[in-house]
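The structure appears below as structure tokens.
Nothing fancy with the numbering, it's 1 onward along the sequence. Both counts, for ligands and for their atoms, begin at 1 and track the order of listing. Keep in mind that the numbers below use all heavy atoms, side chains included, and drop hydrogens, waters and symmetry copies.
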Amino acid sequence: VDLSVSWLGLAMANPLYNASGVMCRSVAELEQVRTSAAGAVITKSCTPQPRVGNPEPRYCATPLGSINSMGLPNAGYPYYRDYARSYPYAAGKPLFLSLSGMTLDENLDMLRDLAAAELLCLPEVNLSCPNLPGKPQLGYDFQACSEALTQITRVYQGPFGVKLPPYFDQVHFAQMAAVLNAFPGLRFVTCINSIGNGLVIDVERESVVIKPKDGLGGLGGSYVLPTALANVREFYRLLPDKHVVGCGGINSGREAFMHILAGATVVQIGSCLYEEGEGAFARILDELSALMVQKGYQRLDDFRGKLKTL
Ligand SMILES: CC(C)(C)CCc1c(C(=O)O)[nH]c(=O)[nH]c1=O
């Protein structure tokens with residue numbers, strides 16, 4: 001079977017890569033992804049200056065997924081820009097640079113520099129980044145999002161994407177799609193980021209499992225699969241001129257198949273990669289191939305976006 005994907009002027013051997021935040025904070029980790037079976041690489045969301053992030057424990061895996069309140073630990077924008085400068089693009093694995101400034105100005109500063117550097121990597125702006133104090137994350141403030149994207153497209157004229165938080169209301173899907181469709185330069189949306197502010201409890205210890213925010217953290221893994229699929233399918237329908245990157249709950253070829261059936265062009269793995277290591281890429285790709293053979297599909301276009309309704 002042919003797992004190749006051609007999108008945004010990029011050619012990928014397969015549709016699978018890491019979710020921002022997992023196996024992508026250091027050059028060593030990024031190289032682990034790049035030299036694995038993954039079809040692309042994305043960096044940890046960065047801020048202009050390095051950040052230590054939150055006190056540990058700040059990540060915990062459970063049988064059904066994961067919870068995290070990392071607090072944006074990252075090596076700082078210049079570190080990732082320099083990695084993007086020396087990145088071997090000709091080897092055929094695209095590089096995406098995730099940006100998550102603590103303020104809009106921080107995002108604009110990083111994007112201005114990235115535009116000037118004229119690199120082949122593509123930015124993925126994390127809209128789960130904080131908004132003004134007392135306001136919800138940017139991705140949940142549609143007016144602020146529209147204003148931010150207006151300023152972003154002024155400083156960065158190239159193709160870019162955004163990482164979206166999950167939405168749970170039909171009106172919110174429509175409102176966010178209306179904001180995003182106003183920006184032709186916005187070429188892809190990555191759905192979804194973790195489901196915010198979950199709480200995992202350890203019964204034996206009668207305690208929370210992560211230190212920050214008295215135990216509240218973003219949920220990933222199997223917990224989020226149905227929500228991720230809904231967001232992929234809704235934005236696939238609502239953003240006809242853009243690509244959707246599927247992220248959330250992919251543990252095997254079956255979930256990767258679901259995301260692509262729902263409309264995803266390419267897919268990312270987070271919790272599964274954190275727990276299993278880079279071997280997850282080859283395993284999931286083998287499982288996806290076997291499923292396609294079983295179903296008589298030659299290539300991803302044979303089923304992408306063709307989820308049936310009843
Ligand atoms: C939540 C923020 C810290 C504002 C952004 C970074 C981030 C983190 C993180 O670094 O805590 N974890 C996630 O699951 N998704 C994210 O987008």
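- Protein heavy atom at the shortest distance from atom 7 (C) of ligand 1 is K44 NZ, 4.3 Å.
- Nearest approach of Y80 to C24, heavy atoms of both residues: CE2-O, 3.8 Å.
- At under 3.5 Å, a nitrogen or oxygen of N193, whether backbone or side chain, sits near a nitrogen or oxygen of ligand 1.
- Residues Y89 and P94 have side chains not in contact (no heavy-atom distance under 4.5 Å, counting atoms from C-beta outward).
- The side chain of S194, and not its backbone, has at least one atom closer than 4.0 Å to an atom of ligand 1 (non-hydrogen atoms only; side chain from C-beta on).
- Nearest non-hydrogen protein atom to atom 1 (C) of ligand 1 is S128 O, 4.3 Å.
- Under 4.0 angstrom from ligand 1, the non-hydrogen atoms of N126 all belong to its side chain.
- Looking at S26 and E31, their side chains never come closer than 4.5 Å, going by heavy atoms from C-beta outward.
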### Message
As a quick check of understanding, evaluate salt bridge (Lys or Arg N to Asp or Glu O under 4.0 Å) for D286 and R283, giving each step before the final call.
### Response
CA-CA 5 Å; D286 288 347; R283 174 181 62 81; over 6 Å; no

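- More than 12 heavy atoms of other residues, nucleotides or ligands sit less than 6.0 Å from atom CZ of R112.
- Within the 4.0 Å heavy-atom criterion, neither part of R51 lies near ligand 1.
- In this structure, the separation between CG on L225 and CG on L64 is 12.0 Å, given to the nearest 0.5 Å.
- Polar contact check, N68 against ligand 1: a nitrogen or oxygen pair lies under 3.5 Å apart.
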